[in-house]
Structures are given as structure tokens and as C-alpha cells.
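The structure appears below as C-alpha cells.
Counting convention: from 1, in listed order, for ligands and their atoms alike.
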Amino acid sequence: MKRALITGITGQDGSLLAEFLLERDYKVFGFARRESWIRPNNASHLADKVTVLFGDMSEGVDIVTALQDSKPHEIYNLASQSRPGESWDRAPETLMINGMGAIRLFEAVRHTCPDARVYHASSSEMFGSAKTIPQNEDTAFNPANPYAAAKVYAHQMVRICRESYGLFISSGILFNHESERRPLHFVTQKIAYGAACAALGIKDSQDLNERGHPIVEQGRLALGNLDVARDWGHASDFVRAMWLMLQQDKPDDFVVGTGKLHTLRDLCKVAYEGVGLNWADHVVSDPELVRPLETGQTLADASKARRILHWEPTISFEDMVKTMVEAQVERLNSRPRC
Ligand code: NAP
């Protein structure tokens, strides 16, 4: 039986990947912070199916111990401070987890289990204000926030460890991927939540935004720049790509994305129309929520992943948004109203 260790198992991708690997008869180990695991989290329903090893990516000894205890064939390094917007206020911590955490893991693999195959979560945010559209594995990085800068560091270390030590580490340069498991502070989930509140007639939401105000206040959802355009896919499709990368003969870097660009305005339209409403009656653009430096238009050229991994997205943008809104309606309906 193959053994896999997933860092960040409590997150969106970690929990979906754990399900994917369990379906393929892997013995799955999760690396998680103790306080996160004991709270309800995305992988709580897998508690009796996975073995959780407690630790923090900022502690090298925790990582070494997890590798010694799990003896993994495959390692998926998904743990990160994953919010680009928040990384402005938490730049040193973001570098410590996303940059240093990754190199701690690679070093631990080198000394503990050098034959293990490693997937590392890079990000399309590394392209930042890219000079060319679409972006592929050869496009120059031009990070536009502390999160992206830390991801570039770790991405470069993947190549260096591959070339210097012969480690099998593949990087997935994944474009935005969402699901009903996205935390509420991500804009896609906020929009799904806003549409669900509007559908249920909730004018002031219980859940708060990053400024401590109700996400929906007096019937309005406040967002930043609505012209921001991204290549959004469904996370279930993307965790399959991670696994495919580790089934290849040699490690490599792969861009993964749908190749379709949508603006936040498009996302609002699909979300609110899905519940029979006009988004413009419910959404406002608030200049205070615009990022200091916005990542430019990122659009995936995933032709290498299609050619070598035979990877294709299977869930459309519209279906993804619809599922997220439905999940939020269900969640709000299951709560007592004040
Ligand atoms: P997520 O839901 O925010 O999950 C991040 C995970 O990292 C959580 O389990 C979190 O645990 C864990 N983590 C954070 N700091 C940690 C630490 N110091 N020690 C141990 N664990 C820690 O993110 P995601 O959307 O699943 O993304 C997975 C990976 O892909 C991330 O590296 C992200 O940057 C990258 N990525 C995501 C996207 C996307 O669109 N989703 C696109 C490109 C790249 P806690 O529960 O303890 O916080």
C-alpha cells in the first residue's frame, strides 16, 4: 500500500486530495497544527480514515518527525499562509511558512527519505503583473505581493534541490481553484455567501469581513476591484493534477488552469442570477478593499499538463459557482437566525 503525507490537510486542497488518495487505497497521513485539527475543519469527516501527525511548518523537528513516522512514498506540500491579500499585513510570517517552511521540508526529505516523491504547491500569483498572456512554465515571474514573492523563493528552491540533490520534487503552478471548502475571506466564497444571503433575505450577515463588518451589511456585499480577472477552476480537478505529477517518470513544473478568463463581475453575475437576482442590486465596489498592488491578468496556458499529464478540467466555471452558492444557502439555512 502506498503511503502519502499531506501538509495542510485541514485546507481546501488538502482535504480534497486526502479523499482522492483514500479512494485509490493510499494510507494517508496528514500534517496539521494541533489547534486546527481539534477544531471543525475541512478534513474533520476523515478523522477515522487518516493518521494525523501534529506539527507546524515553522518547526523543522516537527517535519522530520512526521517524515520518520509516516515513511511516505509521496509527499504533498500544501501548507501555507494562502491568502495573498492578507500577506501585506503578515509578510514576515508568510515568508516563514511559504518560503522557509518549504525549504525545511525539502531538507528534511533529503536527509530522511530521499527517494520520496514530492509535490510542491507553487502558484499563478508568482506571475504577478506578467508581461505576456497566457502564462506557461517559461513565463517570467513578476510577483506583486508578499505571498507571491515567498512562493517564487520556494519554487526556485524546488529546481535547485532537484538539480543539486536529485530529489523528485514537482511544482504545480496552479491557477485559482475554488470549491465549497474555500474559507469565507476569499472573494469567490464571499460572493457565493453574498448571493446566498440575498436569496434568503438576510440583510446583515452574522459572518464578518476583514474589517470586522458584516460581510453583507444593509443588504450590500462590498468588494474591491470588480474588473479583476482570473482563471478559476474547481479544486477537485486540480488535486487530480497534483497526483498525476507524482506518477510521472521524472519531476517537472506544470502550469495548471482552465485557460478561461472571468472577471469578478462575471462571478457575481453567475452567483446572483443562479438565485434569480440581479447582482448589481446587491454588490458595491469599495475603494478601501482594493489591494495596494493588484496582480495582473493571469490566464493559464496548461498545454504541457494536457500533453504530458493528460489533464483536463471537468467542472465548468458556472457549475463551480452554482455549487458554491448552493453550499452557502444550505449552510445558512442550517443555522439558527438571530
Ligand atoms: P488553504 O485552504 O488555506 O489551506 C492551507 C493549509 O495550510 C491549511 O491546512 C493550514 O492549516 C495549513 N497551514 C498554514 N500554516 C501552517 C503552518 N505554519 N504549519 C502547518 N500547516 C499550516 O489553502 P488551499 O486553497 O488548500 O491551497 C493549498 C496550497 O496551494 C497552498 O500552498 C496555496 O498557497 C496553494 N495554492 C492555492 C491556490 C488556490 O486557488 N486555492 C492556487 C495556487 C496555489 P490551518 O488550518 O492550521 O490554518
Side-chain angles (χ1 to χ4, degrees), residues 5-20 30-44 46 50 52-63 66 76-87 90 92-102 104-105 119-128 135 143 145-155 158 171-189 230-239 241-242 245 253-258 295 298 300 302 320 324:
L5 175 68
I6 304 173
T7 74
I9 194 167
T10 57
Q12 169 187 266
D13 292 4
S15 59
L16 289 168
L17 178 67
E19 287 169 9
F20 179 92
F31 182 79
R33 294 188 275 199
R34 186 182 294 273
E35 64 278 16
S36 306
W37 184 253
I38 58 178
R39 284 197 304 258
N41 66 75
N42 283 314
S44 296
L46 301 175
V50 301
V52 176
L53 304 167
F54 293 120
D56 193 303
M57 291 302 285
S58 58
E59 292 292 344
V61 68
D62 292 353
I63 299 173
Y76 295 86
N77 184 34
L78 310 182
S80 98
Q81 191 301 95
S82 64
R83 295 159 217 157
E86 238 175 73
S87 72
R90 298 167 62 192
E93 182 195 339
T94 303
L95 178 61
M96 283 303 287
I97 308 304
N98 301 9
M100 294 292 291
R104 270 185 210 107
L105 173 71
Y119 168 83
H120 173 71
S122 288
S123 166
S124 59
E125 284 279 328
M126 299 190 302
F127 295 123
Q135 294 90 32
N145 55 56
Y147 165 89
K151 284 283 184 188
V152 170
Y153 168 75
H155 184 81
V158 166
S171 269
I173 306 175
L174 269 48
F175 281 61
N176 296 58
H177 47 280
E178 315 294 319
S179 75
E180 51 285 10
R181 295 189 189 176
R182 262 298 207 197
L184 254 183
H185 35 250
F186 279 89
V187 67
T188 45
Q189 192 67 288
R230 292 280 179 275
D231 179 335
W232 278 292
H234 195 284
S236 311
D237 280 331
F238 285 56
V239 299
M242 297 174 187
M245 285 179 216
D253 301 331
F254 291 94
V255 159
V256 177
T258 68
T295 296
T298 48
M320 177 192 85
M324 291 175 72

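Counting only distance, with no hydrogens or angles, the side chain of N77 and the backbone of Y119 share no donor-acceptor pair below 3.5 Å. A distance-only check finds no donor-acceptor pair linking the side chain of S15 to the backbone of I9 [under 3.5 Å]. D231 places a side-chain N or O within 3.5 Å of a backbone atom of A300 that can act as its donor or acceptor partner.
The shortest contact between atom 31 (C) of ligand 1 and any protein heavy atom is with L78 O, 3.1 Å. Atom 5 (C) of ligand 1 has its closest protein heavy atom at S80 O, 3.7 Å. The protein heavy-atom contact nearest to atom 36 (N) of ligand 1 is Y147 OH, 3.8 Å. Of the protein's non-hydrogen atoms, the one nearest atom 26 (O) of ligand 1 is D13 N, 2.8 Å. Counting protein heavy atoms only, atom 6 (C) of ligand 1 is closest to G8 CA, 3.7 Å. Here the heavy atom of the protein found nearest to atom 8 (C) of ligand 1 is T10 OG1, 3.6 Å. Among protein heavy atoms, the minimum distance from atom 44 (C) of ligand 1 is reached at S122 O, 3.3 Å. Ranking protein heavy atoms by distance to atom 4 (O) of ligand 1, first place goes to G11 CA, 3.4 Å.
Note: F238 and H177 have parallel aromatic rings, judged against thresholds of 30 and 60 degrees for the angle between ring planes.
Distances from atom 16 (C) of ligand 1 to the heavy atoms of R33, E59, R181 show the closest one on R33. Nearest to atom 43 (C) of ligand 1 by heavy atom, out of L174, T7, I63, is L174.
Counting the atoms of ligand 1 from 1 in the order shown, those under 4.0 Å from a heavy atom of R182 are 25 (O), 39 (C), 40 (O), 41 (N). Applying the 4.0 Å criterion to heavy atoms of S36 picks out, from ligand 1, the atoms 45 (P), 46 (O), 47 (O). Under a 4.0 Å criterion applied to the non-hydrogen atoms of S82, ligand 1 contributes the atoms 1 (P), 3 (O), 23 (O), 33 (C), 34 (O). In the vicinity of D56, heavy-atom distances shorter than 4.0 Å reach the ligand 1 atoms 17 (C), 18 (N), 19 (N). In summary, the atoms of ligand 1 found under 4.0 Å from a heavy atom of A121, numbered by their order in the structure, are 29 (C), 30 (O), 32 (O), 35 (C).
No N or O atom of N77 sits closer than 3.5 Å to an N or O atom of ligand 1. Not one N or O of R39 is nearer than 3.5 Å to an N or O of ligand 1, by distance alone. For P183, no nitrogen or oxygen atom sits less than 3.5 Å from a nitrogen or oxygen atom of ligand 1, counting backbone and side chain alike.
Taking the charged nitrogens against the carboxylate oxygens, E59 and R34 have no contact shorter than 4.0 Å, which rules out a salt bridge.
At a heavy-atom cutoff of 4.0 Å, ligand 1 is contacted by no atom of S124, backbone or side chain. Residue contacts with ligand 1, taken as heavy atom pairs separated by less than 4.0 Å, involve K151 solely via side-chain atoms from C-beta onward.
For the atom pair L16 CG and E180 CD, the distance stands at 7.5 Å (nearest 0.5 Å). Separation of atoms CG (D62) and CG (L53) is listed at 10.5 Å; rounding is to 0.5 Å. Of the inter-residue distances, the one linking M96 atom CE with Q81 atom CD reads 13.5 Å to the nearest 0.5 angstrom. Separation of atoms OG (S36) and CZ (F54) is listed at 9.5 Å; rounding is to 0.5 Å. One distance of note links CG of N176 with CZ of F186; it measures 9.0 Å at 0.5 Å rounding. In this structure, CD on E125 lies 8.0 Å from OG on S87, to the nearest 0.5 angstrom.
At a 4.0 Å cut-off, at least one heavy atom of N176 sits close enough to ligand 1 to count as contact.
Between E19 and V239 the shortest side-chain heavy-atom distance does not fall below 4.5 Å.
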